[in-house]
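Only one structure is covered here, and it is reproduced in the block below.
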Amino acid sequence: MPNSYFQNKKILVTAGPTYEKIDPVRFIGNFSTGKMGIEIALKLAENGAQVDLVIGPTCLSVNHPNINVHHVVSALEMKDACMKYFPNCDMAILSAAVADYRPAEYQTQKIKKKEETFSIQLTKNPDIFKTLGELKQNHQKIIGFALETQNEIENAKQKLIIKNGDAIVLNSLNDEGAGFGKPTNKISVILKNGLIFDYSLKEKSEVAKDLLKCISENL
Ligand code: C5P
């Protein structure tokens, strides 16, 4: 049975990693594959939503008439795309693993190896979730993700408040079978009012289904 809550809603989804270029051949990145975000985008589309999927570098592909895929590489590019699509959206689900920092300077030529040690100055990337949280209008909802290794619930709740989200999806690296590159995930959804919904370990497509049900029943 389709979930009518999402019918004709416009939804922004971010997914995947960002790559922050050091020089023409190197980057700083992370192990995110984008699978969780793709499964969310697909479930939304199957339930009648129009989805703008802003996705970092991935070898996965997605093809659905209700999904517009916007490929980006860096956090700055992801932010630009989100700023473009969010104002027309009813909701944003931010599952991307955005790099917190990028190299302060991009070297236009490949860096040669010389000294025994080598360091790169990094500068902070913008927080896309927080930026969208500041722009959020009354009719819009934002659902973020949090990947924590300690004080998980407390840290996730803090993020939800600081970034002005409506719910945050906690996935823990402490859970066997959950997280980057795995076909499965185990989530807890934390609402702004403090309510917490815990789900068991399951395939990411089933996790996406749980998340949409939770959103439609509580937001
Ligand atoms: O602060 P932290 O990176 O743990 O927050 C995770 C949440 O914030 C995720 O929803 C992620 O997509 C989002 N985020 C973002 N821009 C950043 C960092 C994180 O949108 N620069």
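The basis for the numbers below is simple: all heavy atoms, side chains too, and nothing from hydrogens, waters or symmetry mates. Each ligand, and each atom within it, is numbered from 1 in the order the structure gives. Note that this is a predicted model, so its numbers are computed, not measured.
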Checklist entry - To which protein heavy atom is atom 18 (C) of ligand 1 closest, and what is the distance rounded to 0.1 Å? => result Val98 CB, 3.8 Å
Checklist entry - So which protein heavy atom does atom 10 (O) of ligand 1 come closest to, and at what separation? => result Leu94 O, 2.6 Å
Checklist entry - So which heavy atom in the protein is nearest atom 3 (O) of ligand 1, and how far is it from that ligand atom? => result Asp100 OD1, 4.0 Å
Checklist entry - Are Lys202 and Asp210 within salt-bridge range, i.e. N to O under 4.0 Å? => result yes
Item to check | Closest protein heavy atom to atom 5 (O) of ligand 1, given as residue, atom name and distance to 0.1 Å | outcome: Lys163 NZ, 2.9 Å
Item to check | Ring-face cation contact, Tyr5 with Lys9, 6.0 Å cut, 45° max | outcome: yes
Side-chain donor-acceptor distances from residues 128-135 under 3.5 Å, at least two apart:
unit_1	atom_1	unit_2	atom_2	d
Thr131	OG1	Asp127	O	2.7

Next on the checklist: I'd like to know whether ligand 1 has Pro126 as a neighbour, heavy-atom separation below 4.0 Å.
Outcome noted: yes
Checklist entry - CG of Leu44 to CG of Asn3: how many Å apart, nearest 0.5 Å? => result 9.5 Å
Checklist entry - So Leu219 and Ile143, side-chain contact (heavy atoms from CB on, under 4.5 Å) or not? Walk me through it. => result CA-CA 10 Å; Leu219 294 188; Ile143 295 96; 3.8 Å; yes
Checklist entry - Among all residues two or more places apart in sequence or in another chain, which pass the side-chain contact (heavy atoms from CB on, under 4.5 Å) test with Asp100? => result none
Checklist entry - Would you call Ala96 a ligand 1 contact, heavy-atom distance under 4.0 Å? => result yes
Checklist entry - Would you say Ala99 and ligand 1 have an N/O pair spaced under 3.5 Å apart? => result no
Checklist entry - Can you tell me which residue and heavy atom of the protein come closest to atom 13 (C) of ligand 1, and the distance to 0.1 Å? => result Phe129 CB, 3.8 Å
Next on the checklist: Applying a heavy-atom cut-off of 4.0 Å, say which part of Asn125 lies close to ligand 1: side chain, backbone, both or neither.
Outcome noted: neither
Checklist entry - Do Tyr106 and Pro24 have side-chain heavy atoms sitting under 4.5 Å apart? => result yes
Checklist entry - For ligand 1, is any non-hydrogen atom under 4.0 Å from Ala97's backbone (N, CA, C, O), its side chain (CB onward), both, or neither? => result neither
Checklist entry - What atoms of ligand 1 come within less than 4.0 Å of a heavy atom belonging to Gly144? => result 10 (O)
Checklist entry - What protein heavy atom sits nearest atom 16 (N) of ligand 1, and how far away is it? => result Ile128 N, 2.9 Å
Checklist entry - If you take all heavy atoms of Arg102 and Lys124, which pair is closest and at what distance? => result NH1-O, 3.3 Å
Next on the checklist: Between Lys192 and Asp166 (salt bridge meaning N to carboxylate O under 4.0 Å), is one present in this structure?
Outcome noted: yes
Next on the checklist: Just to confirm my output: which protein heavy-atom neighbour is closest to atom 9 (C) of ligand 1, and how far is it?
Outcome noted: Phe145 O, 3.0 Å
Checklist entry - Do Lys159 and ligand 1 have an N or O pair less than 3.5 Å apart? => result yes
